Amino acid sequence: MYEEYYGLKARPFALAPDPDFYFEGGTHKKALSYLGYGLSQGEGFVVVTGEIGSGKSTLVAHLMKKIDPARLTAAQIVTTSLEDKDLLSVVANAFGIDLPSGDKPRALGAIEAFLHDEAREGRRCLLIVDEAQNLSIGALEELRMLSNFQLGAHPLLQTLLLGQPEFRQKIEAQSLEQLRQRVIASHHLTPMGEEEVEEYVLHRLRVVGWEGRPEITDDVFPALYQASEGVPRRINQICQRLLLAASVEETDTIDLDMFDRVLDEM
């Protein structure tokens, strides 16, 4: 609705992760550096945590867009409450592996054979696990076991674990000492600073062809930072409502008065 009114090519503040809108603020730049280092090592685990809506999924979508499928085979799973008995089938499905019916050793054999085939073709394998805080201790131990697969001295599988802050407490469990020893890079996404919020909003608007209509007055951005606490998803939610309200009122200016009214409605 509002995108048509203001002549925008798409909705700039949709909640779904979209790599085209990736904004490299300070904390995301650091995360990408850690990811780059971790992926260059080609082994072990890389851990990225952050609050809900902090941009973990958008970061990964941006990463996936940059991956060369001729060199790296990546698969992604999103966990709800995954136990160890379910993990192998979920991982296999993500990589497109047909598991033979039977017991766990046969399933492990099928996954290992796939990883060997990929390595012989010159491709490394990356498993991305989103919402990792939902994994049981047993499922995390299964992931560690998968990281044991090697071709000669070369590891066959690397794993990126994305989770909410409580995931950091989970992997402190005594039984996961061996997994912790294999974490080669880790970063916690923090909220954006006040100065970044304005840059973030204008960046997303420009991606969809915004040329100053509607105008956003300067006093809106500090208020937006306070209301959102610098969390990208909250910023998107508020800005979505602001643009909708502005289009309904057929105005070309979003000011602090409108911001306060929209925030009260939310």
Side-chain angles (χ1 to χ4, degrees), residues 19 32-48 56-57 59-80 82-132 134-163 167 170-171 173 175-187:
L32 209 57
S33 296
Y34 281 111
L35 286 173
Y37 168 78
L39 292 179
S40 72
Q41 302 306 298
E43 63 178 343
F45 294 85
V46 179
V47 177
V48 176
K56 299 184 295 294
S57 297
L59 180 71
V60 170
H62 175 70
L63 177 70
M64 294 287 279
K65 191 175 180 180
K66 297 173 66 175
I67 285 174
D68 181 0
R71 300 177 58 190
L72 185 67
T73 298
Q76 185 170 3
I77 61 176
V78 180
T79 68
T80 50
L82 199 58
E83 299 295 332
D84 53 340
K85 63 183 177 64
D86 304 313
L87 182 77
L88 293 181
S89 60
V90 172
V91 170
N93 184 64
F95 279 115
I97 305 168
D98 290 326
L99 284 186
S101 57
D103 54 13
K104 178 179 174 180
R106 294 184 67 188
L108 284 170
I111 293 174
E112 185 176 16
F114 169 82
L115 296 175
H116 274 274
D117 289 343
E118 291 295 296
R120 292 189 185 98
E121 293 293 326
R123 292 185 292 270
R124 295 191 292 113
C125 288
L126 173 68
L127 176 65
I128 301 169
V129 182
D130 205 353
E131 302 294 350
N134 293 324
L135 293 169
S136 67
I137 298 294
L140 286 166
E141 181 61 15
E142 288 289 344
L143 285 177
R144 185 192 67 80
M145 295 296 290
L146 290 178
S147 73
N148 288 335
F149 290 143
Q150 293 187 201
L151 181 60
H154 301 288
L156 296 176
L157 180 66
Q158 186 174 34
T159 304
L160 168 58
L161 298 170
L162 306 169
F167 179 61
K170 176 167 281 190
I171 60 176
S175 58
L176 294 176
E177 172 64 25
Q178 292 187 69
L179 186 148
R180 287 198 302 278
Q181 291 177 1
R182 297 187 186 189
V183 174
I184 60 173
S186 177
H187 182 68

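Values reported hereafter were calculated over all heavy atoms of this structure, with side chains retained and with hydrogens, waters and symmetry mates removed. In this text the structure is predicted, and so the values were computed from the model without any measurement.
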Chemist: Taking the side chain as C-beta and beyond, is there a heavy-atom pair between T73 and C125 under 4.5 Å?
Modeler: yes
Chemist: For a quick test of reading the model, state the closest non-hydrogen atom pair linking L179 to R144 and the distance between them.
Modeler: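 Taking L179 first and R144 second, the nearest heavy atoms are N-CD, 3.6 Å.
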Chemist: I'd like to know if the side chain of R182 and the backbone of E43 have a donor-acceptor N/O pair within less than 3.5 Å.
Modeler: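 The answer is no, because no donor-acceptor pair under 3.5 Å joins these two groups.
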Chemist: For Q158, run the side chain to side chain contact (heavy atoms under 4.5 Å, CB included) check against L72, L126, L127 and tell me which one passes.
Modeler: L126
Chemist: Applying side chain to side chain contact (heavy atoms under 4.5 Å, CB included) to D130 and S57, what does each step give before you reach the verdict?
Modeler: CA-CA 8 Å; D130 205 353; S57 297; 3.2 Å; yes
Chemist: If you compare all heavy atoms of I171 against all heavy atoms of L176, which two are closest, and at what distance to 0.1 Å?
Modeler: CA-CD1, 3.8 Å
Chemist: What's the spacing between L156 CG and R124 CZ if we round to 0.5 Å?
Modeler: 11.5 Å
Chemist: If every non-hydrogen atom of K65 is compared with every non-hydrogen atom of P19, which pair is closest and at what distance?
Modeler: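 Answer, listing the atom of K65 first, then P19: CD-CB, 3.9 Å.
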Chemist: Hey, could you give me the CG/CD distance between L108 and E142, rounded to the nearest 0.5 Å?
Modeler: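 L108 CG to E142 CD: 6.5 Å, rounded to 0.5 Å.
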Chemist: Indicate yes or no: at least one non-hydrogen side-chain atom of L99 is less than 4.5 angstrom from one of S89.
Modeler: yes
Chemist: With rounding to the nearest 0.5 Å, note down the distance linking CG in L115 to CD in Q150.
Modeler: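 With rounding to 0.5 Å, CG (L115) is 12.0 Å from CD (Q150).
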Chemist: According to the interplanar angle, ranging from 0 to 90°, do the rings of F114 and F95 count as parallel (below 30°), tilted (30 to 60°) or perpendicular (above 60°)?
Modeler: tilted
Chemist: Starting at CD of E112, measure out to CG of D117 and round the result to the nearest 0.5 Å.
Modeler: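 The CD atom of E112 sits 10.5 Å away from the CG atom of D117.
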Chemist: Quick one: closest heavy-atom pair of L143 and F45, and the distance?
Modeler: O-CZ, 3.7 Å
Chemist: Which atoms form the tightest heavy-atom contact between A139 and L87, and what is the distance?
Modeler: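 Residues A139 and L87, closest heavy atoms: O-CD2, 3.3 Å.
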Chemist: Is it true that atom NE2 of H154 has more than 12 heavy atoms of other residues, nucleotides or ligands lying nearer than 6.0 Å?
Modeler: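 Counting neighbours around NE2 of H154, 12 or fewer heavy atoms of other residues, nucleotides or ligands fall under 6.0 Å, so no.
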Chemist: For a quick test of reading the model, state the closest non-hydrogen atom pair linking L88 to A107 and the distance between them.
Modeler: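 In terms of heavy atoms, the two residues are closest at CD1-CB, 4.2 Å.
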Chemist: How would you list, by chain and number, every residue that makes a side-chain contact (heavy atoms from CB on, under 4.5 Å) with L35, sequence neighbours excluded?
Modeler: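 Partners of L35 by the side-chain contact (heavy atoms from CB on, under 4.5 Å) criterion, ordered by chain and then number, come out as L32, V46, V48, L59, L63, L160.
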Chemist: When rounded to the nearest 0.5 angstrom, what is the spacing between CE in M145 and CD1 in I111?
Modeler: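 Nearest 0.5 Å value for the CE-CD1 distance: 12.0 Å.
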Chemist: Do other residues, nucleotides or ligands put more than 12 heavy atoms under 6.0 Å from D98 CG?
Modeler: no
Chemist: Within the distance-only criterion (no hydrogens, no angle test), does the side chain of K170 pair as donor or acceptor with the backbone N or O of A132 below 3.5 angstrom?
Modeler: no
Chemist: For the OG atom of S40 and the CD1 atom of I184, what is their distance to the nearest 0.5 Å?
Modeler: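 So the OG of S40 and the CD1 of I184 are separated by 7.0 Å.
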